[in-house]
Structures are given as structure tokens and as C-alpha cells.
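As the structure lists them, so they are numbered: ligands from 1, and atoms in each ligand from 1.
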Amino acid sequence: MVKTMHVYEGKAKKMIPLDERKFIMEFKDDATAFNGEKKAQFKGKGWLNAQISTMLFKMLEEKGIKTHFIGVAGDNKLIVERLKMYPLEVVVRNVVAGSLKKRLPLTEGTELPEPIVELYYKEDALGDPMINYYHAKVLGVGEDEIKEMEHIALRVNEILREYFKEKGIILVDFKLEFGQNEKGEIVLADEISPDTCRFWDAKTKESLDKDVFRFDKGDLINAYEELYRRLVGEA
Ligand code: 5GP
């Protein structure tokens, strides 16, 4: 099948076809929140998210997680495998924050007895609603596929939680997206960055993620740079 050479432009990234098998994933400096209602640009955000995603994808690959990461193509660009994307967002939570507070009578910051996995339908027009296995089936995603995505997401959580703990950071929650490769395997896609995860400083509980922008908690670039420095081990 001939694949489209169409450029897909999202809110924070551009997917530029490189050939039949690869995309360039370009990280933009744009930030959006609340389904695009709040918008801004932060010079350097694209670069920081590209670096952080690269480090995390490489580390996950070393631990046996299949990801779409192939290589780096410049400052804010990665080369990734073309996949047939699932229209889903898989969220994993370790600590109560964000939308979980609207669902359960728990206080922000409470550690959950075990991680919670949630499924959302990725559709801006509907505001990314939470869905279950029955809804996913109607969307053409089978129970076995969802179970595998949940299994991978929980394994990714174990790996990332431990990794960030060593850097003095609490991995509060995060969102993953998956696709299927030509062999029919489920592969971790999209990005893993402070745009898609909540990271709190273990001592101060300060946000080192997009909540800084969502809730006007300070300077986004300072927060993302602090996270980056912790990852690369710079003072
Ligand atoms: P919540 O449901 O609490 O708003 O989000 C849970 C976690 O998933 C947070 O780390 C948040 O950043 C991430 N997340 C959920 N949906 C989206 C989304 O549509 N875009 C991005 N960038 N992150 C999301």
C-alpha cells in the first residue's frame, strides 16, 4: 500500500513523512491546555521536549519496551517509525492529581495503593472523553489489544517511576499513545515529556511539567530545564 506523504500538524508537534516507513517528529515551541483554550509559545520548549523524549525512549528500549524511536534528526526533531495509530490515550496514575480529583473523593498528593490505568478516546471535538473496553470495541480496538497496551503502560510506569525516583522526582501520572507496526506489534509512540507527564520535585512537591503553564505556577522553561538538568545529571 502506498503511504500518504501528507504532513500531520498537531498542537505541539508536526509529523513529516520521511519515506514509506519513517516520519520526522518535530517538536514545536507551542503550548496548549484545556483542549486548546489556552495557548502560548515558549522558546526552547520544543528542543527540551525532544531531548527529554529521546532520553526516555532510549532508556525504555534498553529495558525491552518497543518504541517508535529510531534516531535524532536535529535539535528538535526525532526520526520515528510510521505506525497505524490507535485513537486512544492510556493514562497511568501513581498519585492523586488533575482530573482524578473529579472522579474520586481523594486529596491531591495522596499516593495511590496501586497504579490506576485509564483509557481516553483521543478526539478534540469530544474533549478526549474517558472510555471503557466496550467503547473501544466500537472504535475498532479489541479487548486483547487494550490489555496489551495496559500491560505495557504499567511496565513503562515501573521503569520510569524508579528512574525518576533516583533523580529526586515523583512521577505523578502520564499519558501514552500506541500504534501498530507492519508486523502487527503494539509499539509505544508519541512523546514522553513534561507536556505529557506530571513530575513533582520529591522534596518541595513543585511541578516540573505543563501544570506550570496550565495553572500559572511560574516559568515553564525554568521548570522544563530543571527536569532536563536532573535527567542529564547537571548541577
Ligand atoms: P489528567 O486526566 O489528570 O488531566 O491528565 C493525566 C495525565 O495525562 C497528565 O500527566 C497529563 O499531562 C496527561 N494527559 C492527559 N491527556 C492529555 C492530552 O490530551 N495531552 C497531553 N499533552 N497530556 C495529556
Side-chain angles (χ1 to χ4, degrees), residues 8-15 25-42 45-46 48-50 52-53 56-57 76 78 85-112 115-132 135-136 139 149-150 152-154 156-157 159-161 163-164 169-179 188-201 205-217 220 223-224 227:
Y8 298 87
E9 181 145 13
K11 287 178 284 214
K13 295 190 296 295
K14 232 189 239 179
M15 302 298 285
M25 184 163 78
E26 183 183 323
F27 288 76
K28 304 197 287 187
D29 284 342
D30 302 298
T32 65
F34 310 118
N35 201 15
E37 274 173 42
K38 187 171 178 179
K39 287 189 192 133
Q41 273 208 332
F42 297 95
K45 181 176 93 80
L48 284 159
N49 279 352
I52 294 164
S53 272
L56 297 177
F57 278 135
N76 60 339
L78 312 190
M85 291 300 293
Y86 290 100
L88 302 179
E89 297 184 343
V90 181
V91 167
V92 181
R93 302 178 184 275
N94 298 307
V95 175
V96 178
S99 68
L100 185 62
K101 286 176 292 181
K102 297 183 201 151
R103 255 173 251 289
L104 295 178
L106 297 171
T107 315
E108 168 132 333
T110 310
E111 190 173 336
L112 293 161
I116 289 178
V117 186
E118 297 169 346
L119 293 176
Y120 293 85
Y121 174 36
K122 187 179 162 72
E123 177 54 68
D124 284 343
L126 297 176
D128 295 349
M130 187 191 251
I131 58 165
N132 63 27
H135 300 107
L139 295 170
M149 283 182 245
E150 289 179 340
I152 300 169
L154 285 169
V156 167
N157 184 45
I159 298 168
L160 291 184
R161 211 175 169 182
Y163 176 80
F164 281 101
I169 292 166
I170 300 168
L171 176 61
V172 173
D173 54 31
F174 57 95
K175 181 258 304 179
L176 300 178
E177 293 182 28
F178 293 89
L188 179 60
D190 197 50
E191 67 186 291
I192 311 177
S193 75
D195 268 15
T196 59
C197 307
R198 283 197 175 92
F199 298 115
W200 290 355
D201 180 285
K205 305 286 190 294
E206 260 177 312
S207 294
L208 300 173
D209 59 57
K210 203 165 92 172
D211 274 356
V212 171
F213 167 64
R214 290 188 188 102
F215 304 111
D216 302 314
K217 289 180 171 191
L220 176 134
Y224 283 33
L227 183 83

Chemist: Among all protein heavy atoms in this structure, tell me which lies nearest to atom 7 (C) of ligand 1, with the distance rounded to 0.1 Å.
Modeler: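 Here the closest protein heavy atom is Asp173 OD1, 3.5 Å.
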
Chemist: Quick one: does Thr196's side chain get under 4.5 Å of Phe174's, heavy atoms only?
Modeler: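 No, side chains not in contact.
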
Chemist: Of all the non-hydrogen atoms in the protein, which one sits nearest to atom 22 (N) of ligand 1, and at what distance?
Modeler: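 For this ligand atom, the closest protein heavy atom is Asp195 O, 2.9 Å.
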
Chemist: Salt bridge check: are Asp30 and Lys11 linked by an N-O gap of less than 4.0 Å?
Modeler: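 A salt bridge is absent here (no side-chain N lies under 4.0 Å from a carboxylate O).
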
Chemist: Mark up the atoms of ligand 1 that fall under 4.0 Å of a heavy atom belonging to Phe174, in ascending order.
Modeler: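 So the answer, numbered in order with elements, is 8 (O), 10 (O).
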
Chemist: Checking contacts here: is it the side chain or the backbone of Asp128 that comes within 4.0 Å of ligand 1, counting heavy atoms only? Could be both or neither.
Modeler: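 Under 4.0 Å from ligand 1, Asp128 contributes side-chain atoms alone.
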
Chemist: Using a heavy-atom cut-off of under 4.0 Å, does the side chain or the backbone of Cys197 touch ligand 1, or both, or neither?
Modeler: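 Answer for Cys197: backbone.
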
Chemist: Taking Lys13 first and then Asp195, would you say they form a salt bridge - that is, a charged N and a carboxylate O separated by under 4.0 Å?
Modeler: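 A salt bridge is absent here (no side-chain N lies under 4.0 Å from a carboxylate O).
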
Chemist: Which atoms from ligand 1 have a heavy atom of Gly98 less than 4.0 Å away?
Modeler: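 Close to Gly98: 3 (O).
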
Chemist: Using the six-membered ring of Phe27, assess whether NZ or CZ of Lys45 lies under 6.0 Å from its centre and within 45 degrees of the ring axis.
Modeler: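 No, cation not above the ring by the 6.0 Å, 45° rule.
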
Chemist: For Arg198, counting its heavy atoms only, list the atoms of ligand 1 lying under 4.0 Å from any of them.
Modeler: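 By the 4.0 Å cutoff, the relevant atoms are 1 (P), 3 (O), 4 (O), 5 (O), 6 (C), 9 (C), 10 (O).
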
Chemist: If the threshold is 4.0 Å, N to carboxylate O, is there a salt bridge linking Glu9 and Lys28?
Modeler: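 Yes, charged N to carboxylate O under 4.0 Å.
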
Chemist: Does an N or O from Ser99, backbone or side chain, lie closer than 3.5 Å to an N or O of ligand 1?
Modeler: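 Yes: some nitrogen or oxygen of Ser99 is under 3.5 Å from one in ligand 1.
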
Chemist: List the closest protein heavy-atom neighbour of atom 12 (O) of ligand 1: residue, atom name, distance to the nearest 0.1 Å.
Modeler: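 Among all protein heavy atoms, the one nearest atom 12 (O) of ligand 1 is Arg214 NH2, 3.1 Å.
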
Chemist: Heavy-atom contact under 4.0 Å between Arg93 and ligand 1?
Modeler: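 Yes; Arg93 lies near enough to ligand 1 that a heavy-atom distance drops under 4.0 Å.
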
Chemist: For atom 14 (N) of ligand 1, grab the closest protein heavy atom and report residue, atom and distance to one decimal in Å.
Modeler: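 For atom 14 (N) of ligand 1, the nearest protein heavy atom comes out as Lys175 CB, 3.5 Å.
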
Chemist: Side chains of residues 87-106: which donor-acceptor pairs under 3.5 Å do they make with residues two or more places apart or in other chains?
Modeler:
residue	atom	partner	partner atom	Å
Arg93	NE	Glu118	OE1	3.0
Arg93	NE	Glu118	OE2	3.1
Arg93	NH1	Ala97	O	3.4
Arg93	NH1	Asp173	OD2	3.4
Arg93	NH2	Ser99	OG	2.9
Arg93	NH2	Glu118	OE1	3.0
Asn94	OD1	Asn157	ND2	2.9
Asn94	OD1	Arg161	NH1	3.3
Asn94	ND2	Asn157	OD1	2.8
Asn94	ND2	Leu171	O	2.9
Lys101	NZ	Glu108	OE1	2.6

Chemist: Would Glu177 and Lys175 pass as an ion pair if we require N to O under 4.0 Å?
Modeler: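 Answer for the salt bridge query: yes.
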
Chemist: Run the side-chain hydrogen bond (donor to acceptor under 3.5 Å, both in side chains) test against Asp128 and tell me which residues pass, sequence neighbours left out.
Modeler: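 In terms of side-chain hydrogen bond (donor to acceptor under 3.5 Å, both in side chains), with neighbours along the sequence ignored, Asp128 is linked to no residue.
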
Chemist: Using a strict 4.0 Å cut-off to heavy atoms of Thr196, name the atoms of ligand 1 that fall inside it.
Modeler: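 Counting atoms of ligand 1 from 1, those under 4.0 Å from Thr196 are 10 (O), 12 (O), 13 (C), 22 (N), 23 (N).
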
Chemist: In terms of relative ring orientation, are Phe164 and Phe199 parallel, tilted or perpendicular, with 30° and 60° separating the classes?
Modeler: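 Correct class here is tilted.
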
Chemist: With heavy atoms under 4.0 Å as the rule, classify the contact between Glu89 and ligand 1 as side chain, backbone, both or neither.
Modeler: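 Contact part for Glu89 vs ligand 1: side chain (C-beta onward).
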
